[in-house]
2 protein chains.
Amino acid sequence: MPMDERKHRVLQAIIQDYITTAEPVGSRSIARKYDLGVSPATIRNEMADLEEMGYLEQPYTSAGRVPSDKGYRFYVDCIMEKDQLSEAEENFIKMQFAKKMEEIEEVIKKTSDLLSQLTQYTALVLGPNLSSSIFRYVQMSLIETGKALLVIVTQTGSVKHKIMDVPANFSQKDLNKVSMVLNSKLKGIAFEKVKKSVLDEIYNELIKEKILLETVLEILNNTLNNSNTENIFLGGTLNILNQPEFRDVEKIKSILGILEEKDILRKLMQYNDKMDGITVKIGEENPFEEVRNCSLITATYHMNGEVVGSIGILGPTRMKYSKTIALVEYITQVLSNTLSNGK
Amino acid sequence: MPMDERKHRVLQAIIQDYITTAEPVGSRSIARKYDLGVSPATIRNEMADLEEMGYLEQPYTSAGRVPSDKGYRFYVDCIMEKDQLSEAEENFIKMQFAKKMEEIEEVIKKTSDLLSQLTQYTALVLGPNLSSSIFRYVQMSLIETGKALLVIVTQTGSVKHKIMDVPANFSQKDLNKVSMVLNSKLKGIAFEKVKKSVLDEIYNELIKEKILLETVLEILNNTLNNSNTENIFLGGTLNILNQPEFRDVEKIKSILGILEEKDILRKLMQYNDKMDGITVKIGEENPFEEVRNCSLITATYHMNGEVVGSIGILGPTRMKYSKTIALVEYITQVLSNTLSNGK
DNA sequence: CTTAGCACTCAACAGTCCTGAGTGCTAACA
DNA sequence: TGTTAGCACTCAGGACTGTTGAGTGCTAAG
């Protein structure tokens, strides 16, 4: 069955209505509210067609229709008109990023708070993967005999630190030497791209500090892996409780539970370098059971032309797609600018 | 009306029953389950007395009785027998703290996770107040021209860092000088006890670095205030959703909402140096509306003899007091030991 | 192809009844 | 005087019923 102009309009009306009311919509109310120029009976016929085609579902006989995931998908791809943020909104967003922020964590936290506040859904922001981050500065400081502080600063302005044991006979001078060598060899290189040749060089220069060096390298490795678990930020977690689809405690447990699983969230927010622009995952398209009645809108952001992370919004499938997409798009852009200029 | 032996036993039976079933308890079931040697009718009379005395409440006429806050209070103070952890439990807890942890945040996080896991309620841990923490090490490092990294390490093993702007003509040597002076003057002093005289000394020695110094001091100040907001840790936030008293979405919103308000949590967990041992706040005894149907069990922990923070468990007033108190007590002790030995 | 009309469906709501757990009171009993 | 059996009473909650209203599908006429 072909999808003609009128079916478009009916589907659009149904989805828009359902997005705002969260109630199954019937032919009469469509005919009343939206000026389609046909009677409810005609709309009914169209609705029956749309249901047969898989765009609509009926919760039970003689209830109104509800859009299916396929329906939302068609809506997002073919029907929806892109929303344009008002100037006031754009200014508000820009203002939020105006404050100077040296560390990327601050920026990311800001972003997730802002996103959730503006959309009233739950925001997710995936920060730069530490292992793809670039060394900017490494430093070891002797805190007291036998204890040193290792600090690593990345190009993105992430600071990681770790207190470690060092042999008791090590002085700050020794540590300075190690720091200097590490700095000169590692600076500008991505963590994951530190090659064996570089490590060999370091080893050669620091043959005397072998034990120490091994500890440091181990810590570097651990830091890479552990900190992966810390690069996801949430905003407005509880917003989801305001949605009528989460009125029931079991659903709340399930969704809030998954929001505590950083690993899963990281998988949800995964991106690849080829991705650009907005991605929308609707209901069943999502890889995890617990978010099958949710939609996820994500976008990647950049730093100096490189994709370094992604931001996203998680809401019910009955989501204000056009508005949300516009917001995500704009904030991505501002975020990318902020990250690229400041540093 | 006097509180005689039998009333004790009846009250005890009612509270124990209610704690496990979460259902109003009636005279018949008490007579059946607990061997009090009297008929339901007698128990009814006692219950009526206990209600008049304020230890019990009736949700509605002809329902069973439910303990009032006053009832729980009496139970905790006078009736309850202290629980003793099994050896297996004690060993399990000790094991969790066996791993060497240099930074206090790790230890605290561990503690809150462990507490919530063992109690199945929500755990709160308030870390050492940064402003009462003692300087251990301060260091400024030049990351690149015009940008420096300020790192502060406290006696408790807390590391704070901040990237800051410095005048472009500053070299690492200049920063070293500043670091050295700061270190020698501040080491061993609590943040809040840095006196004007000390600051004057620093000023005198670093008169040339005046601008820089002012920035650093400002950052120190900000760090103190901001980091206060980061010294509270939660574990098992969602455990509370398993309690039947939180079956309704509004209540869930309210309690989860308050658990996001770190300021309020900090107030809840406030302690003073005189406090030692366990504190139990039941229902209405709590200062905040949102936790009036909760009980909070807190205890302070020590580091080298000084009270440095508190740990707590938040659960429904219908809480397993004896078990929970025993757990909080033991974990406090292990935590204090861990913190005091390691460093 | 569109639409009016009509019979049909079903969730949601309100009302009714019943049951069972529980109470308070009273009078008899030890 | 304290304890207990008996009894009338209360009330939440579950089962059932009827009603309402929004909605559908089908058919026949326009």
Side-chain angles (χ1 to χ4, degrees), chain A residues 1-11 13-15 17-18 20-68 71 244-245 247-248, chain B residues 1-11 13-15 17-18 20-68 71 244-245 247-248:
Chain A
M1 195 176 315
M3 171 68 95
D4 61 18
E5 173 61 20
R6 196 172 61 190
K7 283 194 175 50
H8 256 226
R9 290 225 303 280
V10 172
L11 186 54
I14 293 174
I15 292 184
D17 205 71
Y18 187 66
T20 59
T21 63
E23 297 290 331
V25 335
S27 54
R28 254 185 77 93
S29 62
I30 290 295
R32 228 185 309 113
K33 286 193 230 168
Y34 302 81
D35 198 19
L36 297 180
V38 289
S39 77
T42 310
I43 294 177
R44 272 205 294 283
N45 290 331
E46 296 289 26
M47 283 165 93
D49 291 352
L50 286 167
E51 181 169 4
E52 201 185 328
M53 293 158 78
Y55 296 112
L56 295 179
E57 284 166 358
Q58 225 174 347
Y60 48 85
T61 339
S62 91
R65 300 306 207 292
V66 159
S68 67
E245 26 273 274
R247 240 180 266 135
D248 143 59
Chain B
M1 194 177 314
M3 170 69 92
D4 62 19
E5 173 60 20
R6 196 172 60 190
K7 283 195 175 47
H8 257 226
R9 291 223 303 281
V10 172
L11 185 55
I14 292 173
I15 292 183
D17 206 72
Y18 187 66
T20 59
T21 64
E23 296 291 330
V25 334
S27 54
R28 254 183 76 93
S29 62
I30 289 296
R32 229 185 307 113
K33 287 193 230 171
Y34 301 81
D35 197 20
L36 297 179
V38 290
S39 77
T42 310
I43 294 178
R44 272 207 293 282
N45 289 332
E46 296 290 26
M47 282 166 93
D49 290 352
L50 285 168
E51 180 168 3
E52 201 186 330
M53 292 157 79
Y55 296 111
L56 295 179
E57 284 166 359
Q58 228 173 346
Y60 47 86
T61 341
S62 92
R65 299 305 207 294
V66 159
S68 68
E245 26 274 274
R247 239 180 266 136
D248 143 61

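In this text, all values refer to a predicted model and were calculated from it rather than measured experimentally. Chain identifiers are assigned alphabetically (A, B, ...) following the order of the sequence lines, protein sequences preceding nucleic acid strands; residue numbering begins at 1 within each chain.
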Discussion item. Looking at Tyr55(A), is its backbone amide N or carbonyl O close enough to the side chain of Ser68(A) to form a donor-acceptor pair, meaning the two atoms are under 3.5 Å apart?
Written reply: yes
Practice prompt. Look only at the side chain of Glu46(B) and the backbone of Val10(B), and say whether a donor-acceptor pair between them is shorter than 3.5 Å.
Written response: no
Response to the item:
Closest non-hydrogen contact found for Met47(A) with Leu56(A) is O-CD1, 4.1 Å
Practice prompt. With rounding to the nearest 0.5 Å, note down the distance linking NE2 in His8(A) to CG in Leu50(A).
Written response: 10.0 Å
Worksheet item: Axis-to-axis angle across the helix from dC1(C)-dG30(D) to dA30(C)-dT1(D), five pairs an end, to 10 degrees?
Response: 20°
Worksheet item: Going by an N to O cut-off under 4.0 Å, is there a salt bridge joining Glu51(B) and Arg65(B)?
Response: yes
Discussion item. Without decimals, in angstroms, what is the distance between Ile43(B) CD1 and dA21(C) C1'?
Written reply: 15 Å
Worksheet entry | Minimum-distance pair of heavy atoms, taken over all atoms of Lys33(A) and Thr21(A) | NZ-CG2, 4.3 Å
Discussion item. Please give me the minimum heavy-atom distance between Glu23(B) and Tyr18(B), naming the atom from each residue.
Written reply: O-CD1, 3.1 Å
Fill in: Spacing between Tyr18(B) atom OH and dA21(C) atom P, to the nearest angstrom
19 Å
Worksheet item: Starting at CG of Asp4(B) and ending at C1' of dT1(D), how long is that distance when rounded to a whole Å?
Response: 14 Å
Worksheet, complete the sentence: Looking only at heavy atoms, the pair that brings Gly26(B) and Ser29(B) closest together is O-OG, 3.1 Å
Fill in: B/S/- contact track for nucleotides 20-30 of chain D, protein heavy atom under 4.0 Å
---BBB-----
